[in-house]
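Before any comments, here is the structure.
In listed order, ligands and their atoms are each counted from 1.
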Amino acid sequence: MAFSSPKCPHSSSHFAPSRAPCGNLRDRAFAAPASLQSSPKHLLTRLTSQCKGRDFTAVCRQEAATASTTTAKETTPNGGLLTIPSSSKACRDIAGISTREEEYTVSITVVGASGDLAKKKIFPALFALYDEGSLPKHFTIFGYARSKMTDAELRNMVSKTLTCRLDKRENCGEKMDQFLKRCFYHSGQYNSEQNFADLDKKLKEHEGGKLSNRIFYLSIPPNIFIDVVKCASKSASSTNGWTRVIVEKPFGRDYESSAALTRGLKEYLVEDQIFRIDHYLGKELVENLSVLRFSNLVFEPLWSRQYIRNVQLIFSEEFGTEGRGGYFDNYGIIRDVMQNHLLQILALFAMETPASLDAEDIRNEKVKVIRSIKPLQLENVVIGQYKSHKKRGITYPAYTDDRTVPSDSLTPTFAAAALFIDNARWDGVPFLMKAGKALHTRRAEIRVQFRHVPGNLYKRSFGTDLDRATNELVIRVQPDEAIYLRINNKIPGLGMRLDHSDLNLHYAARYPKEIPDAYERLLLDAIEGERRLFIRSDELDSAWELFTPLLKELEEKKVAPELYPYGSRGPVGAHYLAAKYNVRWGDTNALE
Ligand code: NDP
Ligand code: BG6
């Protein structure tokens, strides 16, 4: 049976969700005052507070306290132009100033449009949003980079990576053409205010005098973030709507460089304008974590040290750093995956119940739990690096075979760590993280191993290894999304033989609709001004505070990674680390 969204009193179908699952604020139906009834859905999403008993006017008053008027401009320390954040638009509606779809535009500038991420993820995600009707009526997409390209060349480049994700619709080709007609290109330097002023002119032409809202997606190396933000904010900010900047990882290499980056960005932007992407937060099953936990009575009461023996956060890829060795060697797997993707999942998994589903409430809880993690000890960490391996006549390269990687590199391509949260809920429960490249399989999952049943009447049926008889909840983020719970069950028949079986929610079987890519969800959120799935600066600080001492120690002591063959299950050290805490990795079980 499908869930229906929780509704506020008097909810109107006009505001009914266009995207399905409940638990997502954006998807909730909610009542809006009559003055808002003509406004597009996405202008209203931030006003969900009525669902908590607050009225819209109060929200506006609150906003007015922080921003004098909607069209007011603030000046940052360096003279960058700031525009007041999004929900003011809805306040404008309340004040009778209309922002009907006819009257505003959203321009998305992909900075670094010639690069890999833009081609692979950003343009395809924008097309998917267009195809399903989630982009505003008036939108324009600009690619910006130094490479010389015409609009036609950009369109040609982009067209190669667009796919018809949505049910292979018949008119998809037509939709692609329509989409591509709204994509343009501007070539410029990243540190030229003049080049951004030229972009501004072009944007204005496309905006045609309408209220303009602008997004700059920084799909470029981090060392040029500040140059771009400076030029964009001084020369290409919207003067009458909002301006937002999406920032890709990596956000620095350690606490200090990340703090410097944040300081640099904040010379030109306020925190509300910065949307720091961790694309794992946009993955369907990661977003579902809170729903699973907070809206199912069978899980929430079990979510503590009392019933949970250990939690495992596992990321593995079956390919190496092919093509990204230059970038990777400066970062390593701990910075590339653990400090962000896995830590974010851990925070969502372990946080206390937030006061509401508002972005600030959720992020407050995430910061609290990250700060409660005990400092990482070197003896609780194992690092590895893949070496060459020959299998069925094919030779797979070592990490150091990459020409952009020094031959004596100690950069880990694999790491496992045991983390402990120092609070009442999680005292003593090991949270084991494992992340690696060039392993035997591609997967990302969360495994929750529960404790033994006290005085289990059937313990004789399980042999000597009682750990094998405990329940395990697995949330498989990818591939082949699923949530399954391993239980003990009687094998049908006259005897009393037990086995382990899975209660399996297999997404492909249960939900035939294709799951959107994480970038689609995140881009749409950025357009809508929904910050829940983006990283706030204090979250980032706490993540770096946790990992920086460990990273420094590894580098200062020049700890040599344990070598593991390309395509294997990784270094055996990871098994010893788990065994130290009486844990067996769930993904290496014969049962998995
Ligand atoms: P690229 O290295 O492909 O860079 C994107 C564009 O930036 C290039 O096309 C180039 O454009 C410009 N550029 C590259 N290097 C420099 C430089 N040293 N100085 C000035 N401009 C430069 O990056 P990706 O597209 O792979 O990634 C973009 C961002 O996203 C990076 O921060 C990356 O770390 C992050 N990221 C990437 C992922 C991926 O899968 N690719 C995954 C997660 C994050 P031009 O020369 O035309 O100006
Ligand atoms: C990126 C890392 O953030 O995530 C890459 O920089 C990694 O090294 C990628 O391959 C994995 O993302 P996904 O969505 O393919 O699992």
Side-chain angles (χ1 to χ4, degrees), residues 109-125 143-149 153-154 157-158 161 185-192 195 216-228 231 245-253 258 261 276-286 313-345 386 399 404 411-415 435-439 441-445 476-481 515-522 535:
T109 303
V110 181
V111 184
S114 55
D116 180 58
L117 187 73
K119 279 182 257 183
K120 237 175 37 190
K121 293 287 184 184
I122 305 171
F123 285 106
Y144 185 104
R146 297 170 305 181
S147 304
K148 300 277 178 243
M149 249 192 276
E153 282 163 340
L154 173 90
M157 180 191 90
V158 168
T161 54
Y185 185 74
H186 184 74
S187 165
Q189 298 298 317
Y190 298 112
N191 58 0
S192 162
N195 290 169
F216 292 88
Y217 193 129
L218 306 194
S219 180
I220 43 175
N223 58 319
I224 47 177
F225 282 176
I226 311 275
D227 283 343
V228 170
C231 298
V245 177
I246 301 179
V247 191
E248 262 295 344
K249 66 178 269 267
F251 315 112
R253 306 186 68 247
S258 163
L261 190 57
R276 295 179 192 82
I277 279 208
D278 182 316
H279 76 283
Y280 264 64
L281 291 181
K283 297 209 182 245
E284 185 62 44
L285 271 83
V286 176
L313 305 153
I314 298 170
F315 167 98
S316 76
E317 281 178 338
E318 80 283 36
F319 48 88
T321 56
E322 286 95 320
R324 288 185 82 209
Y327 149 81
F328 193 87
D329 203 59
N330 195 24
Y331 289 89
I333 198 80
I334 298 178
R335 292 183 177 92
D336 191 44
V337 172
M338 270 194 176
Q339 178 269 354
N340 36 69
H341 304 330
L342 294 188
L343 186 66
Q344 284 297 320
I345 297 179
Y386 63 88
Y399 171 65
T404 56
T411 301
T413 58
F414 175 99
K437 292 198 173 263
L439 295 173
T441 186
R442 172 176 179 252
R443 82 169 74 207
E445 63 187 16
R476 191 162 64 223
V477 175
Q478 66 184 34
D480 202 16
E481 292 82 350
I515 293 175
D517 185 79
Y519 279 87
E520 290 169 41
R521 191 184 312 275
L522 294 168
I535 316 289

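- Asp227 places no side-chain N or O within 3.5 Å of a backbone atom of Tyr190 that could act as its donor or acceptor partner.
- Within the 3.5 Å criterion, the main-chain N or O of Ile314 finds no donor-acceptor partner in the side chain of Arg443.
- In this structure, Thr411 and Tyr399 have side chains that are in contact, with non-hydrogen atoms separated by less than 4.5 Å.
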Dump the pairs for me: ligand 2 N or O, protein N or O, distance under 3.5 Å, to 0.1 Å.
unit_1: ligand 2; atom_1: 3 (O); unit_2: Lys249; atom_2: NZ; d: 2.7
unit_1: ligand 2; atom_1: 3 (O); unit_2: His341; atom_2: NE2; d: 2.7
unit_1: ligand 2; atom_1: 4 (O); unit_2: His341; atom_2: NE2; d: 3.4
unit_1: ligand 2; atom_1: 6 (O); unit_2: Lys249; atom_2: NZ; d: 2.8
unit_1: ligand 2; atom_1: 6 (O); unit_2: Arg324; atom_2: NH1; d: 3.3
unit_1: ligand 2; atom_1: 6 (O); unit_2: Asp336; atom_2: OD1; d: 2.6
unit_1: ligand 2; atom_1: 6 (O); unit_2: Asp336; atom_2: OD2; d: 3.3
unit_1: ligand 2; atom_1: 8 (O); unit_2: Arg324; atom_2: NH1; d: 3.4
unit_1: ligand 2; atom_1: 8 (O); unit_2: Asp336; atom_2: OD2; d: 2.5
unit_1: ligand 2; atom_1: 8 (O); unit_2: Lys437; atom_2: NZ; d: 2.8
unit_1: ligand 2; atom_1: 10 (O); unit_2: Glu317; atom_2: OE1; d: 3.3
unit_1: ligand 2; atom_1: 10 (O); unit_2: Glu317; atom_2: OE2; d: 2.5
unit_1: ligand 2; atom_1: 10 (O); unit_2: Lys437; atom_2: NZ; d: 3.3
unit_1: ligand 2; atom_1: 12 (O); unit_2: His279; atom_2: NE2; d: 3.0
unit_1: ligand 2; atom_1: 14 (O); unit_2: His279; atom_2: NE2; d: 2.8
unit_1: ligand 2; atom_1: 14 (O); unit_2: Lys283; atom_2: NZ; d: 2.6
unit_1: ligand 2; atom_1: 16 (O); unit_2: Tyr280; atom_2: OH; d: 2.4
unit_1: ligand 2; atom_1: 16 (O); unit_2: Gln478; atom_2: NE2; d: 2.7

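- Looking only at side-chain heavy atoms (C-beta outward), Phe328 and Glu322 stay at 4.5 Å or farther from each other.
- Between Lys249 and Asp336 there is a salt bridge, since at least one side-chain N of the basic residue sits less than 4.0 Å from a carboxylate O of the acidic one.
- A distance-only check finds a donor-acceptor pair linking the side chain of Thr161 to the backbone of Lys119 [under 3.5 Å].
- Between Arg476 and Glu445 there is no salt bridge, since no side-chain N of the basic residue sits under 4.0 Å from a carboxylate O of the acidic one.
- Ring-plane geometry between His341 and His279 is classed as perpendicular, the angle between the planes exceeding 60 degrees on a 0 to 90 degree scale with a lower cut at 30.
- For ligand 1, the 4.0 Å heavy-atom shell contains residues Gly112, Ser114, Gly115, Asp116, Leu117, Lys120, Ala145, Arg146, Ser147, Tyr190, Ser219, Ile220, Pro221, Pro222, Ile224, Glu248, Lys249, Pro250, Arg324.
- Counting all heavy atoms, side chain and backbone alike, Ala118 lies closest to Pro124 at O-CD, 3.8 Å.
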